[in-house]
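A short write-up of the structure that comes next.
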Amino acid sequence: MARLTEEDKARNEAAVRAAMERVLSGDLPPGGKCDLKTLALMAGVTRTGFYPKKARDGSERPGTYEHLAEEFERRLRALQETGEIVDPRAAQIERLKAENAQLRKRLANRDEQLAELTDFKTLAISRLAAQHDEIERLRERATADGNVRSLPRRGGTPAIGSCS
C-alpha cells in the first residue's frame with residue numbers, strides 16, 4: 001500500500017472536515033447515518049484511517065485521521081446533549097417511539113372504557129331481566145287472586161295502565 005504524502009493527507013483532512021460539517025448539519029446521503037462510516041464515505045477516505053493501528057512490534061500508533069474521528073464524536077455528543085438530533089433517521093425513530101407510546105396509552109384507555117361499558121351493559125340487562133320477572137310475577141298473582149279491579153275512569157281519560 002502506498003504511503004500518503006503530506007499533501008494527500010492535508011487534502012483528505014480538508015475533505016473529512018467538509019464532510020463532517022455536512023453530516024453534523026444533517027445533510028446525509030440516502031441510507032447514511034450520522035457515523036464514521038458515512039463520514040468516510042462522504043469524504044472519500046478509508047474508514048480505517050479513523051482508528052488506531054497496531055505496529056508489527058505490537059504497539060499502537062494513532063490512525064491518520066483519528067484526531068478527526070475524536071473531534072467528530074465530541075461534536076456529535078455535544079449536539080445530542082443540547083437535544084439536537086442530527087440524524088433524520090434517529091429523529092424519526094424518536095418520533096415513532098413517542099407516537100407508539102401515545103397510541104398504547106390510548107389503546108389501554110379504550111380497553112378500560114370498553115370493560116366498564118361491558119360491565120354496565122351486563123348490569124343493565126340483569127336489572128331489566130329482574131324487572132321483567134317481577135312484572136310477570138305480579139301479573140300472574142293479579143290474575144290468580146282475582147282480587148284486582150279496574151279503576152273507574154275520570155272525565156273520559158283512560159285509566160292508568162290501560163291502552164286505548
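Index from 1, following the sequence.
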Quiz item: Does the side chain of Glu136 reach to within under 4.5 Å of the side chain of Arg141, using non-hydrogen atoms?
Solution: no
Quiz item: Under a 4.5 Å side-chain heavy-atom rule over Ile, Leu, Val, Met, Phe, Trp and Tyr, are Tyr65 and Leu41 clustered together?
Solution: no
Quiz item: Will you find, in the side chains of Asp27 and Ser25, an N or O donor that is under 3.5 Å from an N or O acceptor?
Solution: no
Practice problem: Would you give the length of the straight line joining atom CD of Gln102 to atom CG of Asn100, rounded to the nearest 0.5 angstrom? | Solution: 10.0 Å
Quiz item: With the threshold set at 4.0 Å, does a side-chain nitrogen-carboxylate oxygen contact exist between Arg17 and Glu13?
Solution: yes
Self-check item: Straight-line distance of Leu68 CG to Arg75 CZ, nearest 0.5 Å
Solution: 10.5 Å
Quiz item: Would you say the side chains of Thr38 and Asp35 form a donor-acceptor pair under 3.5 Å?
Solution: yes
Quiz item: Is any side-chain heavy atom of Met42 less than 4.5 Å from a side-chain heavy atom of Pro29?
Solution: yes
Quiz item: Out of curiosity, does Leu79 fall in the hydrophobic cluster containing Phe72 (side-chain heavy atoms, cut-off under 4.5 Å, transitive links)?
Solution: yes
Quiz item: How far does CG of Asp57 sit from CD of Glu60, to the nearest 0.5 angstrom?
Solution: 11.0 Å
Quiz prompt | N/O donor-acceptor pair under 3.5 Å between Lys53 side chain and Thr48 backbone | solution = yes
Practice problem: Output the distance between atom CG (Asn109) and atom CZ (Arg104), rounded to the nearest 0.5 Å. | Solution: 14.0 Å
Quiz item: Just wondering, are more than 12 heavy atoms of other shown residues or ligands nearer than 6.0 Å to CD in Glu7?
Solution: no
Quiz item: Hey, does Ile125 have a side-chain heavy atom less than 4.5 Å from the side chain of Thr122?
Solution: no
Self-check item: Side-chain heavy-atom pair Tyr51, Leu36 within 4.5 angstrom cut-off
Solution: yes
Quiz item: Using 4.0 Å as the upper bound for N to carboxylate O, is an ion pair formed by Glu99 and Arg106?
Solution: no
Quiz item: Going through the checks in order, is the side chain to side chain contact (heavy atoms under 4.5 Å, CB included) test met by Arg11 and Asp8?
Solution: CA-CA 5 Å; Arg11 189 177 20 220; Asp8 291 337; 2.3 Å; yes
Practice problem: Write down the atom of Leu123, the atom of Ser126, and the distance for their closest heavy-atom approach. | Solution: O-OG, 2.8 Å
Quiz item: Is any side-chain heavy atom of Ile93 less than 4.5 Å from a side-chain heavy atom of Lys97?
Solution: yes
Quiz item: Should Glu140 and Arg137 count as an ion pair when the cut-off is N to O under 4.0 Å?
Solution: no
Practice problem: Hey, could you give me the CD/CG distance between Glu116 and Leu114, rounded to the nearest 0.5 Å? | Solution: 10.0 Å
Quiz item: What closest approach, in Å, do Ala19 and Leu39 show between heavy atoms, and which atom pair accounts for it?
Solution: C-CD1, 3.6 Å
Exercise. Using a strict cut-off of less than 4.0 Å between a Lys/Arg side-chain nitrogen and an Asp/Glu carboxylate oxygen, indicate whether Arg74 and Glu70 qualify as a salt bridge.
Key: no
Exercise. Check whether Leu76 and Leu28 end up in the same hydrophobic cluster, where Ile, Leu, Val, Met, Phe, Trp and Tyr are linked by side-chain heavy atoms less than 4.5 Å apart.
Key: yes
Exercise. Answer yes or no: is there a side-chain heavy-atom contact under 4.5 Å between Phe50 and Glu66?
Key: no
